[in-house]
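Labels below follow one simple rule: chain letters A, B, ... track the order of the sequence lines, proteins then strands, and each chain is numbered from 1.
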Amino acid sequence: MASTKRRWRPKLSEKFIEVRNLDFCRGSRHIFKNLNLTIARGKITAIMGTSGTGKTTLLQLITRQLVPDRGQVFIDGVDIGKLNLRELYKLRRRFGVLFQNGALLTDMSVFENVAFPLREHTRLTNRLIRHVVLTKLHAVGLRGAADMMPGQLSGGMERRVALARAMVMDPDILIYDEPFVGLDPISMGVIVRLVKRMNKALGITSILVSHDVKEIMEVADCSYLISNGKVAASGSPEDMRQQLSETVRQFMHGMADGPVPFHFDAPDYEEQLLGRDEK
Amino acid sequence: MLREIYQALLEFVRTFGALQLFFLRLLRHSPFVFVKRFRLVVFQVYNTGVLSIVLIVVCGGFIGAVLGLQVYSNLKRFNAEDTVGLFTAFALAKEIGPVLTALLFAGRAGTALASEIGLMKATDQLSAMEMMAVNPIPRVVVPRFLGGIIAVPILTAIFTTMGILGAHLVAVELLGVDVGAFWQQMQQTLEPSDIYEGIFKSVVFGIVASLLAVWEGYNALPTAAGVSRATTRTVVVTAISVLILDFMITASLL
């Protein structure tokens, strides 16, 4: 019953973010070829793929930190390629982004880091800012670390502070770039629950970029597997498990052999060891 | 060979053009930052200027002392040791003060600015700001740029003052030059235009040194090697630019 209810069926009105026919090259390397995907409103969508497939690049394209070579990205029906800087910044206020390494501002305390978006964009009184910031820090369990500097925090704590900062403006869209890397099991559990709760309680649309299959299966409503610059598979976690395609099976079960090569392009191993490739 | 020279020339022109555009971008944001984010500017004046004072005071004092010594030993041959004050003040106010302050500033504060901005870039802090809809140019770059511009002329004044005091110490206190002659010669011969030239130079060098520092940092490759390269380049490029500009300004004002 639950699985049919959670099954992902895109409807036109539900599309929050839509990526259409996207091409992107880095140097001579083609990262995306004709990529299409949609992210549903109020759902948790996971984007998976082996490292180097350009997951982070895709996030940067969605937020227009990078500009695609071809194709469009629509957010809430607006083509973000056509926005000017002022409109883009206005749109970005609706985003909360959790960076891979936290990206806390190192010259400010934890409290000021979380307060930073509020101070920049609102005219709340100091008292109110203090209130909001402490609430958010409490949610990630770091209210006690408010006066510490980012340099004094562990990697996992930094990530949690960054999460508090990403939530502080109550965004419509939360983007998590590899949120589970390097977290201890307790923090991991807390973060997973937090992601879920924020999505449920506040209806925040969430995009999760990760390759932690187990955690994704736990939280995501829908997931995309990206391979060779295209969407190799998509659907709910149950769909993905049942997919018969070799690529999906290889990824979901972590096998070295399959259509996705484990080795980066290289000359023949034996030839190279024997020194025959040197001229 | 010819092609390589052509490529290098093209690259230089391109970089120079980009630098000018960057400069215009900073200028465009400057009035707003100066008015609305004055606290950030003041903090950067402290960061780049106040924290450089010890270096400037010590270097200025010793440069003045050695200058006094050299000038004295040469002028003594012509029995003109009374003019030590005039010569040292002249050299310090017009040339040595502005140039050496700019070079010391590049070494002490310019490197700090470049590596700080470069590291902020390498650790995604600038991207994070952009994603929080905060433009890093007015928030991070412009306050540092303005802070440097304000700090350098003040540091130059301190440097020159310390230099003259250093020369006074050596010439008057140690070598026995008449104290009245030391100051009187200086006051009588040194024109306000000489001082203005020094001030003008210090302002220009302040702009150049701060601009190059933030430019190198902002355009650093976001890696450890990239940031270290940016830091080195800040000192090298500032030194070359300041010395070339010094010659050009002096030549055009003569």
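Listed options A/M169, A/K90, A/Q65, A/R64 were ranked by heavy-atom pairs under 4.5 angstrom with chain B; first place goes to A/Q65. The choice from B/M120, B/M129, B/R139 that makes the most heavy-atom pairs within less than 4.5 Å of chain A is B/R139. Chosen from B/V134, B/V140, B/L119, the residue pairing most often with chain A at heavy-atom distances under 4.5 Å is B/V134.
Under a 3.5 Å cut-off, the side chain of A/R92 and the backbone N or O of B/E130 do form a donor-acceptor pair.
Closest heavy-atom contact between A/Y89 and B/P136: OH-CD, 4.1 Å.
By the 6.0 Å contact criterion, CZ on A/R119 is enclosed, its count of non-hydrogen atoms from other residues, nucleotides or ligands being greater than 12. Other residues, nucleotides and ligands place no more than 12 heavy atoms under 6.0 Å from the CZ atom of A/R130. No more than 12 heavy atoms of other residues, nucleotides or ligands lie within 6.0 Å of CZ in B/F34, so this atom counts as exposed by the packing criterion. Surrounding CE of A/M108 are more than 12 heavy atoms belonging to other residues, nucleotides or ligands, all under 6.0 Å away. Atom CG of A/N84 has more than 12 heavy atoms from other residues, nucleotides or ligands within 6.0 Å.
For A/R165, the part sitting under 4.5 Å from any heavy atom of chain B is the side chain, from C-beta outward, and nothing else.
Of all residues spanning residues 23-31 of chain A, none has a heavy atom less than 4.5 Å away from chain B's heavy atoms.
For the side chain to side chain contact (heavy atoms under 4.5 Å, CB included) test with B/D124, the passing option among A/L104, A/N101, A/D177 is A/N101; the others fail.
Rounded to the nearest 0.5 Å, atoms CE (B/M132) and NE2 (A/H121) are 8.0 Å apart.
Comment: A/E120 engages B/R37 in a salt bridge, judged by a side-chain N to carboxylate O separation of less than 4.0 angstrom.
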